[in-house]
Every structure is written in C-alpha cells, then in structure tokens.
Amino acid sequence: MKKIIVWLRRDLRLHDHPALWEASQQGIVIPVFIWSKEEETHLHSSPTSKWWLHHSLYALQKTLFTKGISLIIRSGNNSLHVLKTLVEETGADSLYFNERMEPDLYLRDQLILKELNLIGIKTRCYCTNQLVHPSQIVNKSGGPYKVFTPFYKRLLKEFIPRPFPIPSNLRGLNQKIDSLFIEQLDLLPIINWDQKLHRHWIPGEVWGITQWTSFLSKSISRYQQDRDYPYTEASSALSPYLASGDLSIRALWYAALRFKEQHDELEGQVDAFLRQLAWREFSYYQLWHHPSITEHPLRESFREFPWNSHIEQKMDSWKKGKTGYPLVDAGMRQLWETGTMHNRIRMVAASFLVKHLLINWTEGAKWFQHTLVDFDLANNAMGWQWIAGTGFDSAPYFRIFNPIKQSEQFDQDGEYIRRWVPELSKLSAPYIHRPWEAQAELLKAAGIVLGETYPNPIVDHQMARERALKAYSTIKG
DNA sequence: TCGCTGTTGTG
DNA sequence: ACAACAGCG
C-alpha cells in the first residue's frame, strides 16, 4: 500500500483539500506540518497570522485525532531537508500537497518537487488556493488582464473546479513518528496581548464554516446595502478563514452559488459577495503575473514619487489612531483591538496615510501585515496599490477620500466612532465627524479638550489635498 | 553615585 | 519574556 506524506500548509482543513483527498483514496496518509520561518518570512513577521496559525493547527490536530490520525509537526529552516528526513523515517513513497501561490514559496516548492523526484518519491501538487489557476486566464492579446471588470467577466466564463469532499476514511501510519508539540513552534506572543483577539475570533475550519452559515442566515440578505456601513457589521467576517486557508475559496464559491439557486430574491446580494471573492482572485492573479507588487509600484512612473521621508511621528499617530480625524482613528483602533478593520474604513485610513500624509504605501502595508488577522500577501499588496494609485486598475490620482465626508456618509450618527474612540463618545453628530469645529461649550459638555483628551488634526484636509494633487501631478501619465 | 530589586509596560 | 526604570540601602 502506498504511503503518502500530505504536506499541510495554509490549508489546515479537511474540506476541499485535493492533496488529502487523493491521498486518502490511494493509501496511508501521513499528514505533516512544517514551520519553516526563514522561508515563510511574510508569515513570520506577522504576529497575528502566527496566532491564528497556532489555533488553526490545534483545531486540525483535534479533528484528525478523532479520525485516528496524528498530525506530525516539525520545524526547520529548510522544508526540503525536513521532508527528506520524514521520507526516511516513515518509509513514504509519495508526497502530495496543495500549491502555494506566493512567488518565493512557489519557487521553493518547484525545487522540492524536483529534488524529491530525484530520490524516487512520487509527487503531486494541486491548485486549490485560486478559483482558477492564474496562468489560465489571458486577454485577447495573450497577456494578463489589467482591469478588474473584464477579468471578472472572463472568470465567470471559466470552469471552476468543484470542491473536493471531506475524506471519510483516513488510514494512518501504524508506526509512531516523532512530532513537536504545537507550543514548541513559539507561534504565540510572549506577552498575552492576544487575549483580545480571542474575544473576536475563533480560528479553525469548524468555526469558519460556522461563520459562513451565520453570514448566510444573518447578513447576506442585506449585504449589498449594508456592507459599506461599518457599524452594521454586515460584512462576512470570513477573510481570516480565507487568508489562513481554514476555508477553501472554491468551497465558498460553490456554497454561495447553491444558496443563490435556493434564494432567487437574493441574487443581487449573493452576486455582490461573489464579486468580493473575485477581488481576492484578481489580487492573486496580479501577484502571479507581477511578483514584485508586494514591494514595488506596478506603474514604473511611481518609482520617482516624492514620498515624505521624515515620517516617524506621523506614522506613529496613524498607527495609534491619533490623527485627529475620528473615522480614521476609529478604524486604526479597531485594527489594533480586533485584528481587523471594516473594508470601507480600510480604504479611508489607507488613503489618509498615502494621500494626506504622503507616506509611501509600503509603510502602511507593513503595518497592516503586522496587525491584520486576515493578512494576505496578495490582497494587501493590491489593496494598497489600488489606494495609492500605483497599480494598473487603481483609484485615479485625483480621487482623495475626504475623511470627514466619508465619516458623515457611512457613519452618519457616529456610532462606529463612538465604539472605537470612546473619548469622543459624548459628542454628537455632526461634530463627532469634525470635533475641531465644535463650539467650546459643546466640547466642554462632552468632556473633550482638543490637543489633550483627543488630538487636533495632524494635517489640514484642504492643505493636504492640494499638496497631494501637486505631488501626484509630477508623475501623472 | 552605584548597584540591586521589584514594578511597569510591552505587539 | 524582557527591558527600562524608579526606589532604596
């Protein structure tokens, strides 16, 4: 009987796991997780992703245990080496895994496939992190799409492979193989700031599925109308499960389609959700075709952009949610507290950093990477380039989000601000959107001393807007 | 003033 | 866990 190592990565789940499914059909399954921090640098530098991974691993270990299978955990700085050792220890003859699409990891994996083939191991790897493999979609001239809408139209015509079922009977190895304890990977922070993440998130496949069903029953019926309003909490809250691979994109895609068939009246709502999944798809598509987008602007002309260079103080205010713009601050504090930020507020806060403060988007991307529980290399890079106007299908340079107007429009009564910026909670709308314009008596009654209990704006909106337009006009075209 | 020690704050 | 620091002999 075949002995197959199933190398688990950002796919700690049983549903839609082609490598695990195929292995379960063909022989003995040896599931292995390898923590290789030198290779997975973008994961390593993200304490929130590591926290998620820790708990995700626990969840999977438990699930596998109930099926009589033990998860082997190893660490090392060279996955190839670890895998070779495991082949020797287990006598495995095959290695199956699901592809990872991050450029550096993809190259590493190709090398691993080659090296293991050389020593007579049968290898298979499967595309599962994308709806459709990025190389499969090209425009009429044979190149990659640069604009989302045509890409999306094309994607809808593609055949998207159906998700794989959960393997029902897994055969494990009789022999006991050494494994580390999950704790030994040191994924959790030393000081227990992660306690607050526990209040908002439960990692793992099971809770991902729970979140999906609760989204279907509670919010999807008003998704299209409500998703832009941060206080309604109408978003799906599925992003960390997708980013970690606890949920499969294809499983979600097909589940959404099935739901749409059963609820004709919600077609528009479900389509709005599918479109969001397609944005994720588009970001991996772009990362595949332009691996440098995580570091460099996609548009060459931006290499010379006059970004601010003395940024420390402003960066610090932004990170801490002390810019003096309530909506921006509310978002930044939600991020710090919960590891997530409402999508619309991400756009406002990111735009503020890039356009009002003229700070290079890569600085913002680094902070999001550090703090986001749903950090995703491709999504993050694309999102920031979109906001900065440095990507292909980006916000035009002259679109500068007005943090006050956005606040008035999407948080009209200031409830979201009140929740995350408690020192403003006694100030009513409309002044909660722009406290610096409130009369002295109003501020006093609300217990606010600008510059003390809540900062004055660190930059003037009108001045910043003109400055940004001027800076952007230098590289236009 | 030095060095020890307990406290505080920290992603 | 660890560094920075205040308080103390």
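For clarity, every value in this text was computed on a predicted model and none was experimentally measured. Residue numbers start from 1 in every chain, and the chains themselves are labelled A, B, ... in the order their sequence lines are given, proteins ahead of strands.
In this structure, the side chain of A:S221 does not engage the main chain of A:S217 through any donor-acceptor pair within 3.5 Å. Between the A:Y325 side chain and the A:V459 main chain, a donor and an acceptor come within less than 3.5 Å of each other.
In this pair, A:F148 and A:F151 present their aromatic rings tilted. The plane angle is within the 30 to 60° band. Using the six-membered ring where Trp is involved, A:F282 and A:W279 have ring planes that are perpendicular, over 60° apart on the 30 and 60° scheme.
Considering A:R344, A:R222, A:R346 in turn, A:R344 is the only one that fulfils the salt bridge (charged side-chain N to carboxylate O under 4.0 Å, His left out) rule with A:D228.
For A:K196 against B:dG11, a side-chain N or O and a base N or O form a donor-acceptor pair under 3.5 Å.
If you measure from atom CD of A:Q334 to atom P of B:dG11, you get 20 Å, rounded to the nearest angstrom. Across the protein-nucleic acid pair, A:K320 atom NZ and B:dG11 atom C1' stand 12 Å apart, rounded to whole Å. Atom CG in A:L372 sits about 13 Å away from atom C1' in B:dG11, given to the nearest Å. Per the geometry, CZ belonging to A:F368 stands 18 Å off P belonging to B:dG11, to the nearest Å. Computed from coordinates, the A:M332 CE to B:dG11 C1' distance equals 13 Å when rounded to whole Å.
Applying the side-chain hydrogen bond (donor to acceptor under 3.5 Å, both in side chains) rule to A:N77 yields the partners A:E38; only residues at least two apart in sequence or on another chain are considered.
Taking a 4.0 Å limit (strictly below) on heavy-atom distances, residues 180-193 of chain A reaches DNA chain B at A:I191, A:W193.
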